[in-house]
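All remarks here apply to the structure that follows.
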Amino acid sequence: MAAEFQLGDYILVQDGRTLEIFHRGLSESSRYHVAFLGVDVQPQGDGFKVRLGTRQGDDQVMGGVRLKMDQEEFARFRDFIALAIAARDRVSPLNESTSH
């Protein structure tokens, strides 16, 4: 079952191992496999700046979207993005090695 997070004109949908970002004003969405997803969070005043995009190396996020969140929104986002992190860290049955 898909999980959703709404913030202003954005809706983020995490479904299995895919995170999709929709914007009210755009006809196209952005899709990321959780293995390639990068999230950068920076405190900003009483809230946070969050960037979601393609992870490059250990500490860089390219492209994607930038969102500003207050404390309450960030708490909801943290719960939401934990699902994508869990999906990323889960081993796919196709990738498991089996011995007979």
Side-chain angles (χ1 to χ4, degrees):
M1 183 165 165
E4 294 187 1
F5 174 80
Q6 184 172 359
L7 180 70
D9 288 337
Y10 287 95
I11 296 177
L12 285 59
V13 179
Q14 193 271 322
D15 191 4
R17 295 177 56 84
T18 304
L19 181 102
E20 191 162 8
I21 302 171
F22 296 90
H23 185 276
R24 181 184 314 274
L26 301 174
S27 60
E28 296 179 6
S29 62
S30 299
R31 292 171 52 97
Y32 299 92
H33 189 282
V34 293
F36 305 135
L37 179 66
V39 181
D40 181 58
V41 178
Q42 300 294 324
Q44 181 183 38
D46 289 345
F48 298 89
K49 291 189 309 184
V50 175
R51 184 170 185 177
L52 293 159
T54 303
R55 181 172 30 93
Q56 299 290 319
D58 291 334
D59 62 350
Q60 200 172 24
V61 178
M62 305 296 291
V65 297
R66 296 169 194 235
L67 306 169
K68 292 182 181 178
M69 300 179 197
D70 62 25
Q71 296 282 340
E72 179 185 319
E73 292 164 337
F74 184 70
R76 288 189 305 111
F77 173 78
R78 193 174 54 230
D79 291 342
F80 168 80
I81 206 66
L83 299 171
I85 292 168
R88 179 198 66 202
D89 294 345
R90 197 172 315 126
V91 176
S92 170
L94 295 176
N95 294 333
E96 291 180 357
S97 59
T98 57
S99 56
H100 296 272

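Just so you know, these numbers use all the heavy atoms, side chains as well, and skip hydrogens, waters and symmetry mates.
- V39 and M62 fall into different hydrophobic clusters, where Ile, Leu, Val, Met, Phe, Trp and Tyr side chains are chained together by heavy-atom contacts under 4.5 Å.
- The two residues K68 and E73 make their nearest non-hydrogen contact at O-OE1, 4.0 Å.
- F74 pairs in a side chain to side chain contact (heavy atoms under 4.5 Å, CB included) with only one of the listed residues (R76, R78, Q71, E72), which is R78.
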Open item on the list: As a quick check of understanding, evaluate side chain to side chain contact (heavy atoms under 4.5 Å, CB included) for E4 and I11, giving each step before the final call.
Closed with: CA-CA 7 Å; E4 294 187 1; I11 296 177; 4.1 Å; yes

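- Checking side-chain atoms of R90 against main-chain N and O of R17 turns up no donor-acceptor pair under 3.5 Å.
- Separating the CD1 atom in I21 from the CG atom in L37 is a distance of 7.5 Å, to the nearest 0.5 Å.
- In the hydrophobic clustering of this structure, L12 groups with I81; members are Ile, Leu, Val, Met, Phe, Trp, Tyr whose side-chain heavy atoms approach within less than 4.5 Å, directly or through other members.
- Under the salt bridge (Lys or Arg N to Asp or Glu O under 4.0 Å) criterion, R66 pairs with no residue at all, not counting sequence neighbours.
- When all heavy atoms of A3 and L83 are compared, the pair lying nearest together is CB-CD1, 3.4 Å.
- Among L7, L19, V13, the one residue that satisfies the side chain to side chain contact (heavy atoms under 4.5 Å, CB included) test with F80 is L19.
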Under 3.5 Å, sequence neighbours excluded: what are the donor-acceptor pairs made by side chains of residues 43-57?
unit_1 : atom_1 : unit_2 : atom_2 : d
R51    : NE     : G63    : O      : 3.2
R51    : NH2    : G63    : O      : 3.3
R55    : NH2    : A35    : O      : 2.4

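- Both Y32 and F77 are assigned to one and the same hydrophobic cluster, defined by single-linkage of ILVMFWY side chains at heavy-atom distances under 4.5 Å.
- Both F5 and V65 are part of a single hydrophobic cluster, where members link through side-chain heavy atoms under 4.5 Å apart.
- Judged by distance alone, with hydrogens and angles left aside, the side-chain atoms of Q14 form a donor-acceptor pair with the main-chain N or O of G16 at under 3.5 Å.
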